[in-house]
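Order of the sequence lines fixes the chain letters, A, B, ..., with proteins taken first and strands second; residue numbering starts at 1 for each chain. This one's a predicted model, so the numbers in the text were calculated from it and none came from an experiment.
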There are 2 protein chains.
Amino acid sequence: MDALDAAIKKCGADAFVLYASSDDADMRYLTRVIMHDPFVFFKRTKQPGTIITSQMEAERASRESPAAVITRTQAGLPDIMKKVKNPWKATAQMIAGQTGEKILVSPTFPAALVRALEERATVIVDDGTVEQMRAIKTKEEIRLIKNVQKKTECAMELGIFLIRNARVKKGLLYRDGKPLTSISVRTAMQTQLMDAGCRAAETIVSCGLDTALPHAIGTGHLLEGEPIVIDIFPKDEETGYFADMTRTVSKGEPDQRIVEMYNAVKDAQALAMSRIRAGVPGSEVHQSVVDLFKERGYESNTTGFVHNLGHGVGLQVHELPTLGPAGRPLKAGHVITIEPGLYYTGIGGVRLEDLGAVTTRGFSNFTSFPEELIV
Amino acid sequence: MDALDAAIKKCGADAFVLYASSDDADMRYLTRVIMHDPFVFFKRTKQPGTIITSQMEAERASRESPAAVITRTQAGLPDIMKKVKNPWKATAQMIAGQTGEKILVSPTFPAALVRALEERATVIVDDGTVEQMRAIKTKEEIRLIKNVQKKTECAMELGIFLIRNARVKKGLLYRDGKPLTSISVRTAMQTQLMDAGCRAAETIVSCGLDTALPHAIGTGHLLEGEPIVIDIFPKDEETGYFADMTRTVSKGEPDQRIVEMYNAVKDAQALAMSRIRAGVPGSEVHQSVVDLFKERGYESNTTGFVHNLGHGVGLQVHELPTLGPAGRPLKAGHVITIEPGLYYTGIGGVRLEDLGAVTTRGFSNFTSFPEELIV
């Protein structure tokens, strides 16, 4: 019995119900189907569950999913809608007709559907069972994540190639006589990823003072002797799994303060990796990096190291576990980023991010890409 | 006073609250910010509202949004989390501290946060006020949608150019000696859209018998004398608005049944457009197409015309209003697709889709792209 069946049994529910599109990671995880409009999935214990979808999507869903598929018409929705005009109430009546009087729903289940179901059934909100299941990856999931990580490294290779081979005129980078910009490097990398079946949006290629904002995606002409942060987190469209990696480079020698920050971040990453293994709390690994930065004179507050050390990656780019102050013990099979960074307004930012799996013995790094500041 | 203020006032709530990432259309609509992790937005009447986000995102949010921005730290979350370990409960306590004892939440508000808030406040679930506000577009929104529609037509132009100029050998299409496939046409169109700042995933380029499945995205070698359905629905990354259009073409003469289906679909589209104006129910326009198809001998059931005639387009690719059996009266400012289609297993499918606005006088078509079957 898996954890979801245990959760259903524990609260005595007739079924567990989801209502979402497959953009919802729990939905994609349990159904393995790609459908962009919200649909219903329900399961009882000891069965893969049932999808309720439109006539038009039913054939595709049957082909893609291990779940059973019935149409909304088969579930009685057209008849219900003759009397019930509110779509949430009609959907609730359809769900209750399939499931029973006690229903366990996911934490992100829509509030309107909770209220409508409460008129017909007892609704219990689950405490993230599927999210916790998703955090522990199977061998097959790790294979899929390694696969998208490889494609991500190829894109990083291209991005850094363009910077390394740029011509410099008056401190600005050029390629084939045209300005080399955040946007041109981003587009080149994203196009290559798209050709490889991945969707990468908002890829960060920030330069100079912009790098002090960890999430600024970057615009404008790339500069010589300034940090360039490249952070790529594509989703493999076919499988739904993400990868995530970051490198910081500089075309030519940057300010000495950037060099020192880079060395501290690199050491912090190595330290964190050496601390990781199943059983160690994510908070402890995060704190070890905070301590190392403190020794080197960097704070971890509203400036300096301003974010968590890492996060889980899977069907979401940010998922459990957390490597931050609230981090709980890591488990074997967690796939996580290790991404220390330092950010100072008026100077710039540095971040290095690798992706890998927690094992009983340590950290199995999926990333095999060099870390060199000056290119 | 706008409709949301009216809804807050009507139920006597202290504030309206959202919890979502900006992938949620209501969140993007009210905040105009792009943040991929969920965050809190709340508003009282007569104010643009307040975003609660991480330290790291706060600067960006302040720059992009008309809303006020406070950090989670300013809202007291770190102190709350010292005592409250469950993240939903901690977030609920933070929200209640900012808003008051009576809270109106969006229909898609997460169930777990409803339950946690209910321990501290009265939670009323709104009935889709923001979704209904989003359905009526301002002039500025129409400008943004026309803009992405133009980019979409350029991509369609490219896709059809590749098919028109393909070489045919033994019934298969080639370009520069290489097979012209669903994937190569899709990639060419999507790359062009990406260069134009748009994200297009799952663009449909289906051919032959696959076209009988309206949502099959298509794979494999394109064929001579067979219907090719191209359906493009990109999102402009910068503005968040979608466009949507479909054409069906054939390289060379297709089966006579496809030609007849094409003519019926084209006539149905013209009829529907002539019927549209503010006040006319979407159901009535849909039914007029069902009737026309019936006269021509085509059913509207599990085969034939199997989907709705159209849907709203905006910050979501599918939003209100509905042009289908449940369609209510159209309003001026609705931006909708008109997309009749016919689908027969063993024969194939035809769909034509234009995008435009409902006006008090009729339909203002944003699409100025020819409809020609044989290319």
Side-chain angles (χ1 to χ4, degrees), chain A residues 20 23 34-38 54-60 71 73 78 81 85-88 90 105-116 123-128 183 187 190-191 194-195 197 199 201-202 213-217 233 235 237 301-302 306-307 317-318 322 325-326 328 343, chain B residues 20 23 34-38 54-57 59-60 71 73 78 81 85-88 90 105-116 123-128 183 187 190-191 194-195 197 199 201-202 213-217 233 235 237 301-302 306-308 317-318 322 325-326 328 343:
Chain A
D23 297 333
I34 304 175
M35 296 198 291
H36 294 293
D37 289 323
S54 65
Q55 173 65 34
M56 194 169 73
E57 302 277 20
E59 186 165 340
R60 177 176 176 171
T71 66
T73 306
M81 287 184 75
K85 291 298 169 199
N86 179 299
W88 294 112
V105 303
S106 71
T108 57
F109 199 78
L113 209 42
V114 172
R115 287 288 189 257
V123 179
I124 304 157
V125 181
D126 180 63
D127 196 24
I183 293 168
T187 300
Q190 291 187 169
T191 303
M194 199 173 65
D195 287 350
R199 187 178 86 197
E202 304 243 311
L213 284 172
H215 276 198
I217 74 164
F233 41 97
K235 177 183 188 167
E237 297 267 21
N301 204 318
T302 60
V306 300
H307 54 64
V317 65
H318 290 159
T322 298
R328 299 187 180 185
Y343 310 90
Chain B
D23 297 333
I34 305 176
M35 297 199 290
H36 294 295
D37 288 324
S54 65
Q55 172 64 35
M56 193 168 76
E57 302 277 19
E59 184 164 343
R60 176 176 178 170
T71 66
T73 305
M81 286 183 75
K85 292 297 168 202
N86 179 300
W88 294 112
V105 303
S106 70
T108 58
F109 199 78
L113 209 42
V114 172
R115 287 288 189 259
V123 179
I124 305 156
V125 181
D126 180 65
D127 197 24
I183 292 167
T187 300
Q190 291 188 168
T191 302
M194 198 173 65
D195 288 349
R199 187 177 86 198
E202 306 243 312
L213 284 172
H215 275 199
I217 74 164
F233 41 94
K235 176 182 189 168
E237 297 266 20
N301 203 319
T302 59
V306 300
H307 54 67
N308 284 347
V317 65
H318 290 157
T322 297
R328 298 186 180 186
Y343 310 90

To the nearest 0.5 angstrom, please state how far the CZ atom of Arg115(A) sits from the CG atom of Asp126(B).
12.5 Å
Answer with side chain, backbone, both or neither: which region of Thr71(A) has an atom nearer than 4.5 Å to a non-hydrogen atom of chain B?
neither
Most heavy-atom pairs under 4.5 Å with chain A, out of Ile183(B), Val125(B), Thr73(B), Thr108(B), belong to Val125(B)
Which bit of Ile34(B) comes within less than 4.5 Å of chain A, counting heavy atoms only: side chain, backbone, both or neither?
side chain
Please rank Thr187(B), Leu113(B), Asp37(B) by heavy-atom pairs under 4.5 Å with chain A and give me the top one.
Asp37(B)
Looking at side-chain heavy atoms only, is the closest gap between Thr191(B) and Met194(A) below 4.5 Å?
yes
Please determine, among Val306(A), Asp195(A), Leu213(A), the option with the most heavy-atom pairs under 4.5 Å with chain B.
Leu213(A)
So for Val123(A), is it side chain, backbone, both, or neither that comes closer than 4.5 Å to the heavy atoms of chain B?
both
pair Arg199(A)-Glu202(B): side-chain heavy atoms closer than 4.5 Å:
no
Of the listed residues (Val105(B), Asp127(B), Val114(B), Thr302(B)), which shares the most heavy-atom pairs with chain A below a 4.5 Å separation?
Thr302(B)
Heavy atoms only: give me the nearest Ala111(B)-Ser106(A) pair and the separation to one decimal.
CB-O, 4.0 Å
Apply the side-chain hydrogen bond (donor to acceptor under 3.5 Å, both in side chains) test between His215(B) and each candidate in Glu57(A), Glu59(A), Arg60(A); give the one that qualifies.
Glu57(A)
Could you tell me which portion of Asp23(A) (side chain, backbone, both or neither) has an atom closer than 4.5 angstrom to a non-hydrogen atom of chain B?
neither
Who among Gly197(A), Pro110(A), Pro107(A), Ala216(A) has the most heavy-atom pairs with chain B under 4.5 Å?
Pro107(A)
With a 4.5 angstrom heavy-atom cut-off, is it the side chain or the backbone of Gln190(A) that approaches chain B, or both, or neither?
both
If one checks every heavy atom of His318(A) against chain B at 4.5 Å, the contacting part turns out to be side chain
Could you look at Ala326(A) and say if it's the side chain, the backbone, both or neither that has a heavy atom under 4.5 Å from chain B?
side chain
